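Take a look at the structure set out below.
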Protein chains: 2
Amino acid sequence: MARLFTTELTKRQQQVLDWVHAFTHKQGFPPTVREIGAAFHITPRAVFDFLKALERKGCLKRGNLGARSLEFPAAQKHEAGCERCSPVRVVGRIAAGKPVMAAEDDLGAVPVNSEWLHGQDCYALRVKGDSMVDAAILDGDWAIIRKQDTADDGDIVVALIDDEATLKYLHREPRRIRLQPANPRMKPLYIKPEDLQIQGKLIGVHRSYDSRGGRAR
Amino acid sequence: MARLFTTELTKRQQQVLDWVHAFTHKQGFPPTVREIGAAFHITPRAVFDFLKALERKGCLKRGNLGARSLEFPAAQKHEAGCERCSPVRVVGRIAAGKPVMAAEDDLGAVPVNSEWLHGQDCYALRVKGDSMVDAAILDGDWAIIRKQDTADDGDIVVALIDDEATLKYLHREPRRIRLQPANPRMKPLYIKPEDLQIQGKLIGVHRSYDSRGGRAR
DNA sequence: AATACTACTAAACATCCGTTTAGTATCAAG
DNA sequence: CTTGATACTAAACGGATGTTTAGTAGTATT
């Protein structure tokens, strides 16, 4: 083997990537291979090679939607948001067998009113299922969670049970903990106090009603 | 002259614009006319008409770079993974005899995910009462409203009745409009179609839980 | 010397793109 | 009744698009 796999970019690749980024930011959409080619006085085929190299190195993703279908992973830029809000990372989904606190899933961030956070470490989870409907928390809502390992009686908490995270009411009983769903068709979960693992406490809920025409994909 | 120039969008135009915004934000680049057409089951030519109408009304700009060259005015640049927020003015309370659209009450602003707004004129209302509990909207929640004077059947709207603003489900019936609360203990309100004054449509909900476990202020 | 990656050119291909031409139908205002 | 806007269909045009095939040349590592 001649050369090992690298994620390092060559000077030329960096120039191309920079230009593509600049174009995308200025125009609101990525350039075509010929637009890139024109900027560097090279043929479409040369650009094609650059894009493949940049994709292999994880700098962009070539979609399969034809013209201009370039996607850029993660956020490189965090521009002027408003002062009153902070981006809160979305770390996963709850109540459906998916673990929380897993490796960063690149699910983006949700802007939350800074006043709600009180400067503490928070994260967001996308709610799945309707175990909390009676608490006015619906499937698809974003639950804003403050990281803490204790909570008060009656709080809505994120609890970890068998590597599954669930959103439930916390109720302490004499010799056990009751994790109560807010859904009459669901039974409470009883666990031993020493098995209780609280991942955080619910401090807020965000919901979006998307008005979509046509068919959702 | 038959009809005066308007910047108001029709219901259908609004649906198309919403879909285009959603696509752009999700993909990082705008859709092609055929992608829009596929979503609404219409021909490219019909989409072309919509884009021209939306351009005339200032909702977007068709570039001259061929495929996907749509630009959106206002602040919103759609870069993948970069979510931002915009401050949305709080203009009052609802469902308790207080008028909306009153003089600025200096109730502050709520930061809302820009993704939800689609660059359109929105405002926030503090919910009072439990007329919408079954729709998972509680007393004290912030209702994020998009200003519009029409809505689809089944939408949750802000309707003005005798100078009072209420949040209700909109249902059109043969000779009347039914404004339905989401609370079994409350009766629907029937009004004549010509008396219906829609102030906006619910696009989002924000809720904050107090640190003591109860509800925020 | 062999291997692998970089950095390109030239020409071509099938497909996809925005747009055009030519219509149909509905609605509302003057 | 006309005008203008909305909301579409059907078929087609020319050009732009990503990609492929077939190369050349240079560099760096093994």
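In this text the structure is predicted, and so the values were computed from the model without any measurement. In the text below, chain A, chain B and the rest are named by the order of the sequence lines, each starting its count at 1.
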Walk me through it: do A:R207 and A:L138 pass the test side chain to side chain contact (heavy atoms under 4.5 Å, CB included)? CA-CA 8 Å; A:R207 182 183 311 137; A:L138 306 182; 3.8 Å; yes

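The interatomic distance linking B:L70 (CG) with C:dC17 (P) rounds to 13 Å, in whole Å. Separating the CD atom of A:E55 from the P atom of D:dT19 is a distance of 9 Å, rounded to the nearest angstrom. We find that CG of A:D49 is positioned 12 Å from P of D:dT19, with the value rounded to whole Å. When rounded to the nearest whole Å, the span between CD of A:Q13 and P of C:dC8 equals 10 Å. Rounded to whole Å, atom C1' of D:dA28 lies 16 Å from atom NZ of A:K11. Computed from coordinates, the A:Q14 CD to C:dA7 P distance equals 12 Å when rounded to whole Å. Rounded to an integer number of Å, the gap from A:N64 CG to C:dA14 C1' is 17 Å. For the pair A:F29 CZ and D:dT17 P, the computed distance is 11 Å after rounding to whole Å.
For the side-chain hydrogen bond (donor to acceptor under 3.5 Å, both in side chains) test, residues two or more places apart in sequence or in another chain that qualify with B:E55 are B:R62. Remark: A:Q15 pairs with A:R12, A:F40 by the side-chain contact (heavy atoms from CB on, under 4.5 Å) rule, at least two apart or across chains. Looking at residues two or more places apart in sequence or on another chain, you find a side-chain hydrogen bond (donor to acceptor under 3.5 Å, both in side chains) between B:D49 and B:R45. Applying the ring pair (Phe, Tyr, Trp, His ring centres under 6.0 Å) criterion to B:F48, with sequence neighbours excluded, gives no partner residue. Scored by the side-chain contact (heavy atoms from CB on, under 4.5 Å) test, B:V47 finds B:V33, B:I36, B:I42, B:L51 as partners (sequence neighbours excluded). For B:T150, there are no side-chain contact (heavy atoms from CB on, under 4.5 Å) partners, not counting sequence neighbours.
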Mind listing the N/O atom pairs, protein and nucleotides 18-20 of chain C, below 3.5 Å?
unit_1: C:dG18; atom_1: OP1; unit_2: B:R68; atom_2: N; d: 3.3
unit_1: C:dG18; atom_1: OP2; unit_2: B:V33; atom_2: N; d: 2.9
unit_1: C:dG18; atom_1: N7; unit_2: B:R34; atom_2: NH1; d: 2.9
unit_1: C:dG18; atom_1: O6; unit_2: B:R34; atom_2: NH2; d: 3.1
unit_1: C:dT19; atom_1: OP1; unit_2: B:R62; atom_2: NH1; d: 3.4
unit_1: C:dT19; atom_1: OP2; unit_2: B:R62; atom_2: NH1; d: 2.7

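Partner of A:L167 under the side-chain contact (heavy atoms from CB on, under 4.5 Å) criterion, out of A:D141, A:L125, A:I145: A:I145 alone.
Residues B:L65 and B:T43 both approach DNA chain D. Their nearest nucleotides, taken by heavy-atom distance, put B:T43 toward the 5′ side.
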Could you pull out every donor-acceptor pair under 3.5 Å between side chains of residues 179-187 of chain B and any protein atom, sequence neighbours left out?
unit_1: B:Q180; atom_1: OE1; unit_2: B:R178; atom_2: NH1; d: 2.7
unit_1: B:N183; atom_1: OD1; unit_2: B:R185; atom_2: N; d: 2.9
unit_1: B:N183; atom_1: ND2; unit_2: B:D130; atom_2: O; d: 2.8

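Direction change of the helix axis from one end of the helix from C:dA1-D:dT30 to C:dG30-D:dC1 to the other is 30°, with five pairs defining each end axis (rounded to 10°).
Nucleic acid contact for B:T10: sugar-phosphate only, since backbone atoms but no base atoms lie under 4.0 Å from a heavy atom of the residue.
Residue A:R56 has no polar side-chain atom (N or O) positioned under 4.0 Å from OP1 or OP2 of C:dA4.
For B:E35, taking side-chain heavy atoms from C-beta onward, the closest of the listed nucleotides C:dT6, C:dC8, C:dC17 is C:dC17. Comparing C:dA7, C:dC8, D:dA7 by their nearest atom to the side chain of A:I42 picks out C:dC8.
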